[in-house]
Enquirer: 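To start, I am sharing the structure in question, which I have written as structure tokens.
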There are 2 protein chains.
Amino acid sequence: MSASESFRNRPAGNGPDRGEHLAGLILALARRDGMKAGDRLIEQKLADALDVSRAPIRQGLKALEAAGFARGEPNRGFVLTRSPGTDAARSAIAAVNRAEKSYAAVAADLLARRLPTDVTEAELMRRYALSRTELQRLLDRIAVEGWIARLPGYGWRFSETVLSPEAQTQVAAFRAVIEPAAILQPGYQLASDVIDRLRQRQERILAGELEKMTIGEVYQFGCEFHEEIARGAGNPFFVESLRRVNSIRRLFAYRSFADRNGMRRHIAEHLRLLDVLETGRYAEAAALMTRHLQRPLSIGAA
Amino acid sequence: MSASESFRNRPAGNGPDRGEHLAGLILALARRDGMKAGDRLIEQKLADALDVSRAPIRQGLKALEAAGFARGEPNRGFVLTRSPGTDAARSAIAAVNRAEKSYAAVAADLLARRLPTDVTEAELMRRYALSRTELQRLLDRIAVEGWIARLPGYGWRFSETVLSPEAQTQVAAFRAVIEPAAILQPGYQLASDVIDRLRQRQERILAGELEKMTIGEVYQFGCEFHEEIARGAGNPFFVESLRRVNSIRRLFAYRSFADRNGMRRHIAEHLRLLDVLETGRYAEAAALMTRHLQRPLSIGAA
DNA sequence: GATTGTTCTTTTAGGCAACAATATACAATC
DNA sequence: GATTGTATATTGTTGCCTAAAAGAACAATC
């Protein structure tokens, strides 16, 4: 068998090791649900939560055990051995897979004008050393986010407008319309358990987790917060359009840095917003949201 | 060569015959631009307009000649022989390709609850007799429109909310927010040539073309009108989100019928809107748009 | 000078077969 | 009765190869 032979038919997966990828997802889930060391990791529950079958979950659990975060015993399944909120856990989660890396690379290259607006698949495959399928997945994802589109013939075209320098301002303007309007929709309501959950998470961050979080995580939580608020309108199109612009914002976030003080004020505003929403004063909440969105916080943290 | 041999490596194309497909696109373009019999069909112009190279355009022109809509002379290219607004032209355009048919079939099956929310590619390939690539294109398109998404493992999941019965109301509510807000954006302006073009098209429809148009065309023109208005805000995210919901509306439009009288009033409102926009009275225009969107016109014709 | 006709290269898509990843069904265990 | 362990069926991916579609460049023609 030649050296190159060993690369033939290499496993598909979404990265160097599908198991590790899933380990990260499981850990992230455990973290989000506030699980502690000693809690059981039930395969079917995880599978349902992550929308996969038990097979890949199992691989993830094995990888998690190998990394020292879980322990498995025969016929008893796996148990979390460490709190998923530690530094080590975070670095394990942060072990991004190939797909994510290529995504970031394309975004960076595009923003730095190192890519032409029109590209062919073969060109991209070479440039980022991706298989056809990997590239297809990547392009599909980008297409859904709206900053690339298939040309009728061969090739793809990047959206010029969506990634222009003005895009950030335009996203802000768009959000300033959408988000308050969502709150003002007739029938708007946010279930009290949702409010509680959001409040807890914000408080946990304010209490100390902020320092331990990566910029990506802070950004992620911010987006989820705002999307959850918008969801109260009971109209998926508001949430959808918000997600869409958030995915664009994330592109710019790759190059932004953290402003911890601004974030504190920002999170305080989130909590205030929750208070007002809880009492059903929606007009006031919408006004608050409008003001909140006007603050010129550094990009990665709304 | 065996019988099955002749099907091996059959041309890619987007349907039974790529040439006919392009003939349709060319005809539609000619129609949209109001071309008449005798006008020259310049290859490069068509190629640029349709984002393709001259090669496929050429095939389209030949197909058009074969269908009797154009005549080609050596070293002179092609000339339109009939007005593209006739019934025959329409049926030629309506000769939808396989891709479009599958799209419509999936939409219909889904709306009629004949499809489960979770589906696998293999299942869909069998059901709609599509090759893998054809199916991938179809799924990608649907994913961009936002009513299906890839599952982490095998298979795809249809969005339950986006196609629920309430979706139409929700789209309306969303548009009622987005469209007037777009007009109210600071710096909003609609170039006078854009206004002229829109006005001409609307007047042409009102003058008589309406009777000759299919429901799909009426719908299409309506969408383009509204998107063009939104474009005046100079913010692509407004236009983008509008396009997105319009593609959802189109799904429901497949089952709706025409209401010619309602449409007349509708188009009259469009013209009135253009008048107000032309004079820069944006607040008034936004109010007009709000009212316009509140009219309960039958679905396929906004 | 613009447009068409022609040629040549690049790029993409299809089919096939092997294989890896996933899902599912059922037995074993706590 | 719920959960884990295991076997089996199904699904999706990969690589290679060929053919066709698209793009680009250039000559010919009006």
Side-chain angles (χ1 to χ4, degrees), chain A residues 4-5 7-14 17-19 21-22 40-48 50-62 72-79 118-126 130-137 150-156, chain B residues 4-14 17-19 21-22 40-48 50-62 72-79 118-126 130-137 139 150-156:
Chain A
S4 70
E5 281 268 357
F7 280 89
R8 292 202 329 139
N9 284 331
R10 83 182 135 78
N14 295 17
D17 188 353
R18 181 73 168 138
H21 177 214
L22 270 152
R40 275 188 81 185
L41 295 163
I42 289 156
E43 293 188 359
Q44 194 59 58
K45 293 242 173 79
L46 296 171
D48 292 346
L50 296 174
D51 263 325
V52 271
S53 73
R54 277 172 51 210
I57 291 292
R58 189 135 245 230
Q59 279 189 289
L61 289 171
K62 277 185 199 153
E73 285 178 37
N75 290 318
R76 285 227 196 142
F78 291 80
V79 168
D118 286 21
V119 288
T120 62
E121 295 185 7
E123 201 179 327
L124 295 172
M125 281 169 67
R126 282 192 295 270
L130 296 171
S131 76
R132 170 141 260 129
T133 314
E134 285 173 324
L135 181 69
Q136 275 177 355
R137 292 282 173 107
R150 246 208 147 85
L151 290 170
Y154 294 155
W156 298 71
Chain B
S4 69
E5 281 270 353
S6 62
F7 279 90
R8 293 205 328 140
N9 286 331
R10 85 181 134 81
N14 296 16
D17 189 353
R18 182 77 168 136
H21 177 213
L22 271 153
R40 275 189 78 187
L41 294 163
I42 290 157
E43 291 188 359
Q44 195 58 58
K45 292 241 173 83
L46 296 172
D48 291 346
L50 297 174
D51 260 326
V52 209
S53 72
R54 276 172 53 210
I57 291 292
R58 187 140 252 226
Q59 279 191 292
L61 289 170
K62 278 184 197 154
E73 285 178 37
N75 288 320
R76 285 230 196 139
F78 291 80
V79 167
D118 288 19
V119 288
T120 62
E121 293 183 10
E123 203 178 324
L124 294 172
M125 282 170 68
R126 283 191 295 266
L130 296 171
S131 76
R132 172 141 256 134
T133 315
E134 285 172 323
L135 181 69
Q136 276 177 353
R137 292 283 175 109
L139 291 175
R150 245 206 147 85
L151 290 170
Y154 291 158
W156 298 69

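By convention in this document, chain letters (A, B, ...) are assigned in the order of the sequence lines, proteins followed by strands, and residues within each chain are numbered from 1.
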Enquirer: Between A:Gln44 (CD) and C:dT29 (P), how many Å, whole number?
Expert: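 Result: 20 Å.
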Enquirer: Given atom CZ of B:Arg40 and atom P of C:dG1, what is their separation to the nearest angstrom?
Expert: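 Rounding to the nearest Å, CZ of B:Arg40 and P of C:dG1 are 17 Å apart.
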Enquirer: Between D:dG5 and A:Arg54, counting only base atoms on the nucleotide and side-chain atoms on the residue, is there a donor-acceptor pair under 3.5 Å?
Expert: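 Checked by distance alone, the answer is yes.
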Enquirer: B:Val79 and B:Leu41: which non-hydrogen atoms are nearest, and at how many Å?
Expert: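 The answer is C-CD1, 4.3 Å.
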Enquirer: Once you round it to whole Å, what is the distance between P of C:dG5 and CD1 of B:Ile42?
Expert: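 Distance check: B:Ile42 CD1 to C:dG5 P gives 13 Å.
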Enquirer: Where do A:His21 and A:Gln59 land on the side-chain contact (heavy atoms from CB on, under 4.5 Å) test, with the steps shown first?
Expert: CA-CA 10 Å; A:His21 177 214; A:Gln59 279 189 289; over 6 Å; no
Enquirer: So which atom in A:Gln44 and which in A:Arg54 form the shortest heavy-atom distance, rounded to 0.1 Å?
Expert: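 Closest approach of A:Gln44 to A:Arg54: OE1-CD, 3.1 Å.
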Enquirer: Which is more 5' along DNA chain D, the nucleotide nearest B:Ala55 or the one nearest A:Leu41? Just name the residue.
Expert: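 Whichever sits nearer the 5' end wins; that is A:Leu41.
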Enquirer: At their closest point, which heavy atom of A:Val52 faces which heavy atom of B:Pro152, and how far apart are they?
Expert: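 Closest approach of A:Val52 to B:Pro152, heavy atoms only: CG1-CB, 3.8 Å.
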Enquirer: Among C:dT6, C:dT3, C:dC30, which nucleotide has an atom closest to any side-chain atom of A:Asn75?
Expert: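 Closest of the options to the side chain of A:Asn75: C:dC30.
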Enquirer: Assign each of A:Pro74 and B:Arg76 to its nearest nucleotide of DNA chain C by heavy atoms, then name whichever residue's nucleotide is nearer the 5' end.
Expert: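 Looking at DNA chain C, the more 5' nearest nucleotide goes with B:Arg76.
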Enquirer: Please state how far atom CD in A:Glu73 lies from atom P in D:dG5, giving the value in whole angstrom units.
Expert: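 Value for this atom pair: 10 Å.
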Enquirer: Can you tell me the distance, in whole Å, between the CD atom of A:Glu43 and the P atom of C:dT24?
Expert: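 Checked: the CD to P distance equals 15 Å.
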Enquirer: Rounded off to whole Å, could you give me the CE-to-C1' distance for the A:Met125 and D:dT13 pair?
Expert: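 To the nearest whole Å, that distance equals 13 Å.
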Enquirer: Could you please name the option among D:dA22, C:dT22, D:dT4 that lies closest to any side-chain atom of A:Ser53?
Expert: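 Nearest to the side-chain atoms of A:Ser53, counting from C-beta on, is C:dT22.
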Enquirer: If I compare all heavy atoms of A:Leu135 with all of A:Glu121, which pair ends up nearest, and what's the gap?
Expert: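 Smallest heavy-atom distance, with atoms named: CD2-O, 3.3 Å.
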Enquirer: Checking side-chain contact (heavy atoms from CB on, under 4.5 Å) for the pair B:Leu130/B:Leu124: CA distance, chi angles, key distance, verdict?
Expert: CA-CA 8 Å; B:Leu130 296 171; B:Leu124 294 172; over 6 Å; no
Enquirer: Under 4.0 Å between a side-chain N or O of A:Gln136 and OP1 or OP2 of D:dT13?
Expert: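 For D:dT13, OP1/OP2 do not have a side-chain N/O of A:Gln136 under 4.0 Å.
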Enquirer: Rounding to a whole Å, what distance do you find between A:Ile57:CD1 and D:dT3:C1'?
Expert: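 Going from CD1 in A:Ile57 over to C1' in D:dT3 covers 14 Å.
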Enquirer: For A:Leu46 and C:dT22, what is the distance between atoms CG and C1' respectively, to the nearest whole Å?
Expert: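 It is 16 Å, rounded to the nearest whole Å.
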Enquirer: Does a side-chain N or O of B:Arg58 approach OP1 or OP2 of D:dA22 to a distance below 4.0 Å, or not?
Expert: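 No, B:Arg58 has no side-chain N/O under 4.0 Å of OP1/OP2 on D:dA22.
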Enquirer: What closest approach, in Å, do B:Arg58 and B:Glu43 show between heavy atoms, and which atom pair accounts for it?
Expert: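 Result for this residue pair: NE-OE2, 2.9 Å.
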Enquirer: Indicate for each nucleotide in nucleotides 7-12 of chain C, in 5' to 3' sequence, whether protein heavy atoms under 4.0 Å reach the base (B), only the sugar-phosphate (S), or nothing (-).
Expert: ----BB
